[in-house]
J.: 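Below is a structure I'd like to ask you about.
Starting from 1, each residue takes its place in the sequence as its number.
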Amino acid sequence: MDREIKDITKKIIELRDERYHKQFHNPKDLALSMVLEASELLEHFQWKSTEEIEHYVSDHKKEIGDVLADVLYWVLLMSHDLKINVIKILDKKIEKNENGSPIKNPKKARKKK
C-alpha cells in the first residue's frame with residue numbers, strides 16, 4: 001500500500017484507539033457511517049443545475065473537501081479492519097476498466113444517429 005495511505009491509516013487507527021471507539025466499529029456500522037457521509041456529499045449537489053454546481057463548487061471547496069475526507073476516513077478504516085488492500089484492488093479495477101471496453105467519443109456517437 002502507498003506510504004502516504006499507510007501513514008494516514010495509521011493516524012486514523014491511533015485516533016480511534018485513543019478514544020476507545022473500536023468497540024463501536026463493526027463492519028455494518030462502518031459501512032453505515034461511510035454511506036451517511038456520502039449522503040452529505042450529495043446534499044451539496046442536490047437540486048442544482050450544471051451551471052449552479054460550477055459556481056457552488058468554486059465557493060464551497062472546503063466544505064466539499066471535508067466531506068470527501070470523511071468518506072475516505074471510513075473507507076480506510078474499514079479496509080484496514082477487514083484487511084483489504086483497497087489501493088491494490090483499485091489499481092486492478094482501473095486496469096480492468098482500461099481493458100474492458102473501447103474508448104468512444106460520445107459527441108461523435110451522437111452525430112451518427
J.: Got a sec, which pairs hit side-chain hydrogen bond (donor to acceptor under 3.5 Å, both in side chains) with one end in residues 26-42, sequence neighbours left out?
T.: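 Only N26-D29 qualify under side-chain hydrogen bond (donor to acceptor under 3.5 Å, both in side chains).
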
J.: Starting at NZ of K88, measure out to CD1 of I5 and round the result to the nearest 0.5 Å.
T.: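 Those atoms lie 15.5 Å apart.
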
J.: How does the hydrophobic cluster around V35 look, that is, which other residues are in it when side-chain heavy atoms under 4.5 Å mark a link?
T.: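 Besides V35, the cluster holds no residue at all.
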
J.: Which Ile, Leu, Val, Met, Phe, Trp or Tyr residues join Y20 in one cluster when any pair of side-chain heavy atoms under 4.5 Å counts as a link?
T.: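 Noted: Y20 shares its cluster with no other residue.
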
J.: May I ask you to check whether over 12 heavy atoms, not counting those of Q46, lie within 6.0 Å of atom CD?
T.: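 Yes - once you tally the heavy atoms of other residues, nucleotides and ligands closer than 6.0 Å, there are more than 12.
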
J.: Indicate, with yes or no, if L36 and L30 share a hydrophobic cluster defined by side-chain heavy-atom contacts under 4.5 Å among Ile, Leu, Val, Met, Phe, Trp and Tyr.
T.: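 They do not share one cluster, since no chain of ILVMFWY contacts under 4.5 Å joins L30 to L36.
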
J.: Looking only at heavy atoms, which two atoms of M78 and P27 are closest? And how far apart?
T.: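 For M78 versus P27, the nearest heavy atoms are CE-O, 3.4 Å.
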
J.: Mind checking the CG-CE spacing from L72 to M34? Nearest 0.5 Å is all I need.
T.: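 Here the interatomic distance stands at 10.0 Å.
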
J.: Partners of I94 by side chain to side chain contact (heavy atoms under 4.5 Å, CB included), sequence neighbours excluded?
T.: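 Partners of I94 by the side chain to side chain contact (heavy atoms under 4.5 Å, CB included) criterion, ordered by chain and then number, come out as L90, E98.
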
J.: Which pairs, with at least one residue in residues 23-43 and sequence neighbours excluded, count as a ring pair (Phe, Tyr, Trp, His ring centres under 6.0 Å)?
T.: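 Every pair satisfying ring pair (Phe, Tyr, Trp, His ring centres under 6.0 Å) with a residue in residues 23-43: H25-W74.
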
J.: Taking only residues two or more places apart in sequence, or in another chain, which ones meet K62 in a side-chain hydrogen bond (donor to acceptor under 3.5 Å, both in side chains)?
T.: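 K62 satisfies side-chain hydrogen bond (donor to acceptor under 3.5 Å, both in side chains) with D66 only.
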
J.: Between D7 and K11 (salt bridge meaning N to carboxylate O under 4.0 Å), is one present in this structure?
T.: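 Salt bridge: no.
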
J.: Please enumerate all residues that pass ring pair (Phe, Tyr, Trp, His ring centres under 6.0 Å) together with H55, with sequence neighbours excluded.
T.: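 Applying ring pair (Phe, Tyr, Trp, His ring centres under 6.0 Å) to H55 gives none.
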
J.: How about I12 and R16: do any of their side-chain heavy atoms sit closer than 4.5 Å?
T.: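 The answer is no, as the side chains (C-beta and beyond) never meet within the 4.5 Å cut-off.
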
J.: Any chance you could pull the hydrophobic cluster mates of I64, using side-chain heavy atoms under 4.5 angstrom and chaining through other members?
T.: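 Joined to I64, directly or through intermediates: L41, F45, I53, Y56, V57, V67, L68.
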
J.: Is there a path of hydrophobic side-chain contacts, each under 4.5 Å between heavy atoms of I, L, V, M, F, W or Y residues, that connects L32 with V71?
T.: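 Not linked; separate clusters.
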
J.: Sequence neighbours excluded, which residues qualify as side chain to side chain contact (heavy atoms under 4.5 Å, CB included) partners of D17?
T.: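 Applying side chain to side chain contact (heavy atoms under 4.5 Å, CB included) to D17 gives I13, K22.
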
J.: Does S49 have any side chain to side chain contact (heavy atoms under 4.5 Å, CB included) partners at least two apart in sequence or in another chain, and if so, which?
T.: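 Expected list: E51, E52.
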
J.: Do K10 and K6 have side-chain heavy atoms sitting under 4.5 Å apart?
T.: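 No - every pair of side-chain heavy atoms lies 4.5 Å or more apart.
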
J.: Using side chain to side chain contact (heavy atoms under 4.5 Å, CB included) as the criterion, list what pairs up with L42, not counting sequence neighbours.
T.: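 By the side chain to side chain contact (heavy atoms under 4.5 Å, CB included) rule, L42 matches no residue at all.
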
J.: Quick one: side-chain hydrogen bond (donor to acceptor under 3.5 Å, both in side chains) partners of H60, sequence neighbours excluded?
T.: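 Checked H60 against side-chain hydrogen bond (donor to acceptor under 3.5 Å, both in side chains); zero matches.
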
J.: Report yes if some heavy atom in the side chain of L77 is under 4.5 Å from a heavy atom in the side chain of H21; otherwise report no.
T.: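 With C-beta onward as the side chain, the pair stays apart.
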
